[in-house]
Participant: 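Quick one: the structure is below, questions incoming.
Not measured: the values here are computed from a predicted model. Numbered from 1 within each chain, the chains take letters A, B, ... in sequence-line order.
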Amino acid sequence: MYPSQLLWKKTAARLPLEVPFPTVRGHPGQPSKDRTRMRMSQYFLPTMKENPAEAQIVSHRLMLRAGLVRQTSSGIYAWLPLGFRVLKNIERIVRQEQDASGAQEVLMPTIQSADLWRESGRYDAYGAEMLRIKDRHDREMLYGPTNEEMITVLFRDGVKSYRDLPRNLYHIQWKFRDEVRPRFGVMRAREFMMKDAYSFHSSFESLEQTYRVMYETYSRIFTRLGLQFRAVAADTGAIGGSGSHEFHVLADSGEDALAYCPTSDFAANVELAEALAPTTPRAVPTETMRNVDTPKQTTCEDVAALLGLPLQHTVKLIALMANDKLNIVLLRGDHSLNEVKVGKLESLADFRFAREDEIRAFFNCPPGFLGAVGIDRAQVRVIADRTVASMSDFVMGANIAKFHTAGINWDRDLPEPDVVADVRNVVTGDASPDGKGTLEICRGIEVGHIFQLRTKYSEALKATYLDENGKAQVMEMGCYGIGVSRIVAAAIEQNFDERGISIPAGMAPFQVAIAPIGIKKSEAVRNAAEQLYAELTAAGIEVLLDDRDERPGVMFADLELIGIPHRIVIGDRGLKEGNVEYQGRKDAQAQSVALQDVSKLVQSKL
RNA sequence: CAGCGUGUAGCGCAGCCUGGUAGCGCACUACCUUGGGGUGGUAGGGGUCGGAGGUUCGAAUCCUCUCACGCUGACCA
C-alpha cells in the first residue's frame with residue numbers, strides 16, 4: 001500500500017464536509033471549460049531540423065522531426081500530443097464507420113492467459129512473435145498479438161441460439177507482436193494500435209453478407225481518410241480461412257507488390273495473382289544443344305548479355321529442400337519465385353532454400369552454373385513454371401563450373417518436368433487472370449485485411465449455438481482488421497513534400513493554423529489573430545495559433561513540417577489594407593484575402 | 001536468428017589509430033539586433049563518453065565481457 005492511500009484511509013472519515021476545494025457535483029453537470037488552448041507557445045511540440053540517424057523512410061523521419069512520436073524501445077513508440085491527435089482522428093473515423101455498419105464496440109484486455117491459446121492450439125504454433133510473460137504466481141500470460149481466441153470464447157459463452165446471430169463486435173486496442181526486426185518507425189512496430197472486428201454467424205450466407213458490408217465499410221473509411229487505396233484479393237496466410245481481401249495504401253515505398261488490371265476489376269496481391277499459362281504452344285526445336293563458355297557469368301542477366309540473347313531465352317534453377325528431399329524449380333530468367341505459390345504445392349508446405357553444400361552434393365557444381373539436363377531424375381522432383389514448360393531452345397547452366405548450355409529443348413534433351421505449375425510472380429504486361437487486359441504492378445502498404453475465417457476458431461474453441469431444430473452447430477466467423485497506427489505512417493508516405501508532412505485534412509492534427517507575424521510588436525496583428533482564432537474555434541474548427549514570438553521563417557517551416565492543411569498569415573503589411581493571407585498546404589502560392597472574409601473562405605474549404 | 005555496423009549534450013557529428021584539459025554545428029537560456037521563408041551578435045547552461053571488468057601513474061581512446069540501437073537477409077493475421 002502506498003503512503004497516500006494510507007493517509008486517505010486514516011483521514012477519510014474525519015474530513016470536514018467543507019473541503020477547501022470546489023465542491024464536486026455529480027452527474028448531470030456542465031462539461032469543464034476547455035483550458036487547452038491550442039497555442040503553440042503552450043504546446044508540447046519538439047520539432048527537429050535534422051534527421052535522426054535511425055530513421056530510414058520518409059514517414060519515420062518526418063514523424064520524428066515533426067514531434068509526432070518518440071521511440072522508447074526498439075519498435076515501441078510514445079505518441080506525443082500532435083501525433084496522438086492524428087491517431088485519434090483516424091480512430092474516430094474508423095469508429096464512426098464501424099458503428100454505422102452495425103458493429104458494436106467492446107474493449108478486450110491486452111493481457112491474455114496462455115491457457116486460452118492452448119485451447120485453440122495456437123500457443124505453441126504462434127512462435128516467438130508472441131510476447132510471453134509470467135505473473136507473480138508464475139502463471140503464463142501473454143501480451144495479445146490478436147484476439148480471435150478471446151472473442152470466440154466471449155461468443156461461445158454469451159450466445160446460445162441462432163436467434164442471437166449474427167453479431168459483429170469490434171475493438172480498438174494496442175497489440176504486441178515481437179517482430180524479429182522492427183523497422184520503419186510505426187510502420188512495422190512491435191506495439192501497434194489495431195482495430196479488429198469479429199463477426200459470428202449461423203450460416204455461411206450470413207458471413208458473406210457481413211463480409212460484403214465490411215468491404216464497403218473499409219472502402220468508406222479509407223475514402224474518408226483521404227487516402228489513395230486499393231482493395232486486392234489476398235492470401236489468407238497463417239490465420240487460415242477462405243475469402244480474404246487486403247486494403248493497401250498506394251505508395252512507392254510499400255512493402256507489398258500488387259497486381260491490378262487497369263481495364264477490369266482484377267486486383268490481387270502479387271503473392272496470390274495467378275500467372276496464366278502461355279497461350280502459344282511450345283515451338284519446335286531449331287537449335288542443337290551445345291555448351292558455351294561463361295567464365296564469370298553466374299546470373300541469367302550476365303549470360304544473356306554475353307550471348308546476345310534476350311533474357312526470356314534463359315532459365316534459372318532454384319534448389320529447394322522439403323522433407324529432406326531436393327526439389328528443383330525452373331523459372332524463366334526474367335521471372336522471380338513466388339514462395340507462397342510454391343508452399344501450396346504438394347509436399348512443399350515446409351520448403352526451404354537448399355544450402356550450398358546440399359547443392360554441391362547433388363549437382364557436383366557450384367551455384368551459378370546449375371542445370372537440369374543430365375541429372376538423376378530419380379532423386380529429385382523437377383518443377384517447371386508454366387512459362388518454362390512452354391519454352392524451347394533455351395539456355396541453362398551446364399552443371400559444369402563456368403559453362404552454360406544453349407539450345408536446350410524439353411523431351412529431346414531432358415525429360416518433361418515432373419510438375420508444371422504456376423510458381424512465379426506475375427510481372428507487368430502479363431495477361432490478367434480474368435482475361436480482360438494486361439496487368440500492372442504497383443506497391444502498397446497493407447492497412448486493412450478482411451477474412452472469412454469460417455469455423456477455424458469456433459470449432460477449436462467449441463463455439464456452438466442451437467439451430468431452429470435445437471441442434472448444436474458450429475458458428476461461422478469473420479474477422480476484419482485495420483492497422484490504425486500504421487495508417488499514420490502510410491498516410492505520410494503518400495502525402496509529403498520537401499517541406500514536410502501534408503496529410504489529408506481528415507486526419508490532420510489541426511485543420512487551420514494562424515501565423516501572426518510580429519505578434520509581440522503589433523497590437524493590430526495580435527488582435528486580428530486572437531479574433532480570428534476565437535471565431536474559427538467557435539465554429540468548431542481545430543485551430544492552432546502560432547503565438548510564439550518567432551520569425552516568419554521559423555513559423556512557416558514548423559507549420560509546414562507538421563502538415564496543417566490550411567494556413568492564415570496575418571501581418572502588419574497586409575492588415576493595413578485589411579487583408580490577410582491564405583495558403584493551403586499543397587498550394588503553390590498564397591492568396592490575399594480580406595480579413596473579414598477569411599473565416600468563410602477557410603470554412604468553405606473544410 | 002545469422003552477418004555487418006554504431007553507441008561521446010535533446011538532434012547531427014568530430015576526437016579513438018598514436019592514452020594525459022571532452023569538442024564542433026543545430027537546439028536551449030539571457031540580453032541586444034532583426035522582423036514575410038529556419039536573422040546577426042555577445043554571454044551562458046547542459047555530457048556517469050552505453051554498462052561492467054581489466055591493463056596503466058593516468059582510459060572516451062588499449063583489452064575482455066555485456067547491453068542497447070541500427071542496416072542486410074530470413075521471418076511477418
Participant: To the nearest Å, give me how far apart NZ (K175(A)) and C1' (rC76(B)) are.
Facilitator: 16 Å
Participant: So if I take every side-chain heavy atom of M48(A) and compare against rC11(B), rG38(B), rC75(B), which nucleotide ends up nearest?
Facilitator: rC11(B)
Participant: Specify the separation, in whole Å, of atom NZ of K520(A) and atom P of rC32(B).
Facilitator: 12 Å
Participant: Which whole-number value in Å describes the distance from E271(A) CD to rC75(B) P?
Facilitator: 11 Å
Participant: Do the charged groups of K134(A) and E140(A) touch, with an N to O distance under 4.0 Å?
Facilitator: no
Participant: Report each atom pair, protein N/O against N/O of nucleotides 68-71 of chain B, whose distance is under 3.5 angstrom.
Facilitator:
{"from": "rC69(B)", "atom 1": "OP1", "to": "S74(A)", "atom 2": "N", "distance (Å)": "2.9"}
{"from": "rC69(B)", "atom 1": "O3'", "to": "Q71(A)", "atom 2": "NE2", "distance (Å)": "3.3"}
{"from": "rG70(B)", "atom 1": "OP1", "to": "Q71(A)", "atom 2": "NE2", "distance (Å)": "3.3"}
{"from": "rG70(B)", "atom 1": "OP2", "to": "S74(A)", "atom 2": "OG", "distance (Å)": "2.9"}
{"from": "rC71(B)", "atom 1": "OP2", "to": "R181(A)", "atom 2": "NH2", "distance (Å)": "3.4"}
{"from": "rC71(B)", "atom 1": "O5'", "to": "R181(A)", "atom 2": "NH2", "distance (Å)": "3.4"}

Participant: Among all residues two or more places apart in sequence or in another chain, which pass the side-chain hydrogen bond (donor to acceptor under 3.5 Å, both in side chains) test with E339(A)?
Facilitator: none
Participant: Applying the Watson-Crick and G-U wobble criteria at under 3.5 Å, what pairs with rC62(B)? Answer none if nothing qualifies.
Facilitator: rG54(B)
Participant: Among all residues two or more places apart in sequence or in another chain, which pass the side-chain hydrogen bond (donor to acceptor under 3.5 Å, both in side chains) test with N51(A)?
Facilitator: none
Participant: Has the side chain of R567(A) got a donor or acceptor that lies under 3.5 Å from a partner of the other kind on the base of rG37(B)?
Facilitator: yes
Participant: Got a sec, which residues hit salt bridge (charged side-chain N to carboxylate O under 4.0 Å, His left out) with R443(A), two or more places apart in sequence or on another chain?
Facilitator: none
Participant: On a whole-Å scale, what distance lies between the P atoms belonging to rG40(B) and rG3(B)?
Facilitator: 49 Å
Participant: For R65(A), check side-chain hydrogen bond (donor to acceptor under 3.5 Å, both in side chains) against everything at least two apart and list the hits.
Facilitator: none
Participant: In whole angstrom, give me the gap between the P atoms of rG41(B) and rG47(B).
Facilitator: 26 Å
Participant: Which value, in whole Å, describes the distance between the C1' atoms of nucleotides rC67(B) and rG20(B)?
Facilitator: 29 Å
Participant: For rU42(B), give the paired nucleotide (Watson-Crick: N1-N3 plus N6-O4 or O6-N4; G-U: N1-O2 and O6-N3; both under 3.5 Å), or none.
Facilitator: rA30(B)
Participant: Take Q452(A) and Y211(A) through the test side-chain hydrogen bond (donor to acceptor under 3.5 Å, both in side chains) and record every step on the way to the result.
Facilitator: CA-CA 7 Å; Q452(A) 294 174 10; Y211(A) 186 84; 5.1 Å; no
Participant: List the residues meeting salt bridge (charged side-chain N to carboxylate O under 4.0 Å, His left out) with R190(A), not counting sequence neighbours, and say none if there are none.
Facilitator: D178(A)
Participant: What is the distance from CZ of F44(A) to C1' of rG10(B), rounded to the nearest Å?
Facilitator: 10 Å
Participant: Distances under 3.5 Å between protein N/O atoms and the N/O atoms of nucleotides 33-35 of chain B, please, pair by pair.
Facilitator:
{"from": "rU34(B)", "atom 1": "O2", "to": "R551(A)", "atom 2": "NH1", "distance (Å)": "2.4"}
{"from": "rG35(B)", "atom 1": "N7", "to": "K521(A)", "atom 2": "NZ", "distance (Å)": "3.3"}
{"from": "rG35(B)", "atom 1": "O6", "to": "K521(A)", "atom 2": "NZ", "distance (Å)": "2.8"}
{"from": "rG35(B)", "atom 1": "N2", "to": "D549(A)", "atom 2": "OD1", "distance (Å)": "3.3"}

Participant: Rounding to an integer number of angstrom, what distance separates rG53(B) and rC31(B) when you compare their C1' atoms?
Facilitator: 49 Å
Participant: Answer yes when K195(A) and E91(A) have at least one side-chain N-carboxylate O distance shorter than 4.0 Å, and no when they do not.
Facilitator: no
Participant: Only pairs with both distances under 3.5 Å count, Watson-Crick or wobble alike; so what is the partner of rA68(B) in this structure?
Facilitator: rU6(B)
Participant: Whole angstrom is fine here: how far is it from CD in E255(A) over to P in rG73(B)?
Facilitator: 11 Å
Participant: Pick the nucleotide of RNA chain B nearest each of P52(A) and P145(A); which residue has the one closer to the 5' end?
Facilitator: P52(A)
Participant: Applying salt bridge (charged side-chain N to carboxylate O under 4.0 Å, His left out), can you list everything that pairs with R424(A), at least two apart in sequence or on another chain?
Facilitator: D385(A), D430(A)
Participant: Decide whether N147(A) and D196(A) meet the rule of one side-chain donor and one side-chain acceptor closer than 3.5 Å.
Facilitator: no
Participant: In this structure, how many angstroms lie between the P atom of rA74(B) and the CZ atom of F353(A), rounded?
Facilitator: 8 Å
Participant: Could you list the residues that satisfy side-chain hydrogen bond (donor to acceptor under 3.5 Å, both in side chains) with T210(A), not counting sequence neighbours?
Facilitator: none
Participant: On a whole-Å scale, what distance lies between the P atoms belonging to rA22(B) and rA59(B)?
Facilitator: 12 Å
Participant: Counting only non-hydrogen atoms, which of residues 584-594 of chain A are less than 4.0 Å from RNA chain B?
Facilitator: none
Participant: Considering every strand and a 4.0 Å limit on heavy-atom distances, what is the contact class for N51(A): base, sugar-phosphate, or nothing?
Facilitator: sugar-phosphate
Participant: rG45(B) and rU29(B): how far apart are their C1' atoms, nearest whole angstrom?
Facilitator: 7 Å
Participant: rA43(B) and rC24(B): how far apart are their P atoms, nearest whole angstrom?
Facilitator: 13 Å
Participant: Given rG38(B), is OP1 or OP2 found less than 4.0 Å from the side-chain N or O atoms of K49(A)?
Facilitator: no
Participant: So, F451(A) versus H449(A), ring centres under 6.0 angstrom or not?
Facilitator: yes
Participant: Does the structure show a Watson-Crick or G-U wobble partner for rC16(B), both distances under 3.5 Å? Name it, or say none.
Facilitator: none
Participant: Taking rG19(B) as the reference, what is the distance to rA27(B) when you measure between their C1' atoms (whole Å, please)?
Facilitator: 33 Å
Participant: Please name the nucleotide paired to rC49(B) by Watson-Crick or G-U wobble geometry with both distances under 3.5 Å, or report none.
Facilitator: none
Participant: Looking at rC1(B), which nucleotide sits across from it as a Watson-Crick or G-U wobble partner, both distances under 3.5 angstrom, or is there none?
Facilitator: rG73(B)
Participant: What integer distance in Å separates M130(A):CE from rC76(B):P?
Facilitator: 15 Å
Participant: Rounded to whole angstrom units, what separation is found between the CZ atom of F451(A) and the C1' atom of rC76(B)?
Facilitator: 12 Å
Participant: Applying side-chain hydrogen bond (donor to acceptor under 3.5 Å, both in side chains) as the test, list every pair that has at least one member in residues 509-524 of chain A; sequence neighbours left out.
Facilitator: S522(A)-D572(A)
Participant: For R567(A), check salt bridge (charged side-chain N to carboxylate O under 4.0 Å, His left out) against everything at least two apart and list the hits.
Facilitator: E560(A)
